[in-house]
Structure formats: C-alpha cells, structure tokens
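Worksheet: the structure to be examined is printed underneath.
Whatever order the structure lists ligands and atoms in, that order sets their numbers, starting from 1.
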Amino acid sequence: MNVIKTTGLEYTYPDNTTALAGINFEAKKGEKIAVLGPNGSGKTTLFYHFNGLIQPTGGEIKIFGENIQKCNIDEIRRRVGLVFQNPDTQLFAHTVYEDIAFGPRNIGLSAIDVKSRVSQVLHRFDIENLAGKNPANLSGGQKKRVSIAGVVAMEPDVLVLDEPTSNMDARGVTDTMEILDELKDEGKTIIISTHDSDLAASWADRVYILNRGRVFRSGTPGHIFADEKLLAEAGLKHPVLVQTFREFHARGISKGEVPLSVLDFMESVDSLKVMDIRCAVAGCEISAGDEVRLELKDGMLVAGKGSNGVIGKAVFGANKGEDLAVKDVEGTLGQLCGNITVIRVPGITEGGSRAVDMEKVLGVINSNKNRKIGAMGTSAKVLANKMGIKCDIEFDVIQSSILAALRGFDVTILASGGMGERVIEKVREKRINCTSLVL
Ligand SMILES: Nc1ncnc2c1ncn2[C@@H]1O[C@H](COP(=O)(O)OP(=O)(O)OP(=O)(O)O)[C@@H](O)[C@H]1O
Ligand SMILES: [Mg+2]
C-alpha cells in the first residue's frame, strides 16, 4: 500500500523559483527510502509537501490515499512526522524535555502518557543527560538528535527526515540509523534525504535521485549504484565499496553483483585466486610441497602440520613465524569460522535494559573470555554500559560480527527488541553457527 504518492508534483516559490517540476514519487508501507540529489535539486521542498507544510502549485499528492485538506491536515501531520534539515527551525522550547513533550501534549495525551513517551524517547536516543538543557546551547549533532527524538515521540507512521545525519559524528550516525532500523522493524515507513552515497547504498530499500526538481532515476541501491554512467550523469559520488569492487573486478579478482556492504564485497572476492597467494604464518618448520593444515587464530590464517580439516600444499618452505604461500586448498574458510551468540535484550517498548537479568548476561559473556562483544540498539548499549562491558564491535554490528566470525572469532551480540531477529536471520543466511538467548 502506498503511504505517500505524488503524481506530476510541481511547486513554484512566490519569487518564481520552480523547485519541483513534475515529481512522481511513491513510498510503500514499511519501506526505507533515501532521496539523493545535489544542492537545490528540490529534496527539502518535496519533503515539505509530505506533511502539508506547503501545497503543490501543480500535480497531485496523496497521503494514505487521500488529498490533503483542511479537515484531515491535523491527522496527516500526526501520522507523518517531518524532521527539518535545520534543527534550529524545529527546536523552540527552553529545555530539551519541554521540546520533546510539546508534540505529545499538543495531541491531547494525558500528563502521565506525555511523561512516559518523553522518558522512553530520551532513553532511546540516549539523551537523558540533556533533558534539562536549553536546546539553543546544544552542539549541532546534539540538536539534530533532539529534533529527531521530538518527532519520534509523536509516534508517527511515516518518518520523513531531511538530512538526518548531517553534523553528526560516526557514533551519532550509527546510533541514528540503528534507531531508524528499529522503527522500521516496528512497521514504520522511513524516508530520508542525504548526500552520503555510501549511507544510501547500505541502508535504503529504494533510492530516488532528484535533479533540477525532477526524478532523475529511482530504483534499488543495487541497480542505481551499479550504473556508472547514471552516477556520472547525476553527479553522484560512487560509494567507496563500489569503486573498490570495480578495481578488483577489472583485475579479475572480484566477480558478481556490485556489493553494497563490506560483507558482500568479501563474498565477491574469488577466494581460490586469493588462497593461491595467501600468506600464512607457519606454526612449525614446513618444506615445499608439504601438506599443511590451515587454522584461524586471533583472526589470522596460520598453517601448521596436519592432514585433516582445511588442508593445502606449501608452495615453498618456511620456518615458524615466517610467511608461507599455500595452494591447492581443500575445504573453505567457512569451516573455520567462529560462532555467534545473540543475547536478546528487551527493547525500549518492553521495558529496556531495566528488565534484564544481569547475572545471566555476565554468565554468558564470562563463559568464553576470548569472545568479541557487540551491542546493537539503545537498550543493549545502555545495558552494556551499565554492566561495565567494553564492546569490541560498536559500528555496523551485524556485518562486523559476521566478518569477525569469518575470521575465526566467537562473537556475542547484545541486541535490543526486534533487532535480535534481524541479526539471527542475517547470521544464518551466511551459514554461521548462531545461538540465541532470550532474556
Ligand atoms: N523559500 C524559498 N523561496 C524561494 N526559493 C526557494 C525557497 N526555498 C528553496 N528555494 C529554491 O528551491 C530550489 C530547491 O531547494 P530545496 O531546498 O528544496 O533543495 P534541496 O535539494 O533540499 O537542497 P540542499 O541539498 O541544499 O538541502 C532551490 O533552487 C532553492 O533556491
Ligand atoms: Mg534540503
């Protein structure tokens, strides 16, 4: 079902600037859409239409199948939350708490409900420490976080975010995109604008490219970012991974589809070719032609004497600690990979980290001291923090954990709410041994 659909949408500002010149756009329920396009291409103007801030000067827009009218505009604004590009346009109260409370209060929620929504959102965005501060005195990235939190507090069905990650540091970007994923898991539709091709490639289900007030192209990230000519014409930067893939592809090392994540990229590499020249640290003295057994130790491929497991032939001799080339490998690196344990932490709406049996978590983590630990989602991170657990994996947790497992590490992931399911699904897709533990 389309939650937003525009047909030939046009908008000309009062000074006669035509910002939108016939846009056909649609967003389906539960989709994650990224809108890309150079400065002045019309992203912000388009987004203003999504919650009736401005009305088209031509064409049509339908929200939940209806035209925007006086009688339904309040309902539409409640269901479609818009986060402005510039947080200063949005933040106005004297404290962060009051700013976030304003929307829920305005739609007539009781004082108790307002309080619980605000505290939930402060927790989710990890900004409890900012509640008493004047928004005007926050840093750029903090302002952005608070302005997103204010809109999330309204619990809209569709979240429209105009450059949500601009001004944010790497931690802020990761946290924000994770929260958006969490909201998508709760059934919401998410539309963002961004100048970050890498982010759009790895995050979106569908991408729109705007140019001079028109849709230059739309499609899946796989299609859009695989099309070199299109990117050049649209003036878009190639994602770094795509560029690297092309270089590898041209040299015959990578094959298949354009990768949208480091994991996809690793899978595109022809491992047999690389295995022929792979250097491994010898575990003992080895002569040319010896059969060697490959193992992953501390994330490094090492070769020792042995004839079971993953085996290969030494190309030349080597002493302990020296590099070695191995050929004719039998077996795959997949056989050597580590296990992933997912500990499901209750999400924000289920009581968050407050509802957790910490002894049990510590028990699992302490059962193998050599594990790597990752945390995904606010309540999982808050829990890790509370328990003094130092996370080894903080960014891109699903992908980084799979990569770590592929290098032989065991990984424990604390994942909040619906994220747990997503992690397990992805890990199993990669045929990595996965155990899940519900708290
Ligand atoms: N209030 C306004 N009055 C007149 N023209 C405007 C107004 N706001 C935007 N425009 C013009 O409309 C066009 C589209 O601007 P818009 O802000 O929608 O672009 P954008 O894609 O969001 O750009 P950016 O990446 O810089 O945020 C531009 O040419 C801009 O100059
Ligand atoms: Mg803009």
* **Heavy-atom protein neighbour under 4.0 angstrom from atom 10 (N) of ligand 1** => yes
* To do: State whether Ser193 contributes an N/O/S atom found under 2.8 Å from the Mg ion (ligand 2).
  => no
* **Atom pair CG (Leu46) and OG1 (Thr6), whose distance is rounded to the nearest 0.5 Å** => 6.5 Å
* Asked: Looking at Phe50, is Arg77 sitting on its ring face, NZ or CZ under 6.0 Å from the six-membered ring centre and within 45 degrees of the normal?
  -> no
* Can you tell me if Gly37 has a non-hydrogen atom under 4.0 Å from ligand 1? -> no
* What distance do Asp99 atom CG and Leu91 atom CG have between them, rounded to the nearest 0.5 Å? -> 5.0 Å
* **Ionic contact status for Glu429 with Arg422, cut-off 4.0 Å** => no
* Asked: Taking 4.0 angstrom as the limit, do Lys184 and Glu182 come out as a salt bridge?
  -> no
* **Nearest-neighbour protein heavy atom for atom 2 (C) of ligand 1, which is reported as residue plus atom name and distance** => Tyr13 CD2, 3.4 Å
* Say whether Asp162 and Ser193, considering side chains only, have a donor N or O and an acceptor N or O under 3.5 Å apart. => yes
* So does Thr45 have any N/O/S atom less than 2.8 Å away from the Mg ion (ligand 2)? -> no
* **Location of contacts on Pro38 toward ligand 1, heavy atoms closer than 4.0 Å** => backbone
* Asked: Would you call Gly213 a ligand 1 contact, heavy-atom distance under 4.0 Å?
  -> no
* Protein heavy atoms: any of them under 4.0 Å from atom 30 (C) of ligand 1? -> no
* What protein heavy atom sits nearest atom 16 (P) of ligand 1, and how far off is it? -> Thr45 OG1, 3.6 Å
* Asked: How does Asn39 reach ligand 1, by side chain, by backbone, by both or by neither, if only non-hydrogen atoms under 4.0 Å count?
  -> both
* Check whether more than 12 heavy atoms from other residues, nucleotides or ligands sit under 6.0 Å from atom CD of Glu257, and answer yes or no. => no
* Asked: Quick one: nearest non-hydrogen protein atom to atom 14 (C) of ligand 1, plus distance?
  -> Gly40 O, 3.4 Å
* To do: Identify whether NZ of Lys or CZ of Arg in Arg217 sits under 6.0 Å from the centre of the six-membered ring of Tyr208 and within 45° of that ring's axis.
  => no
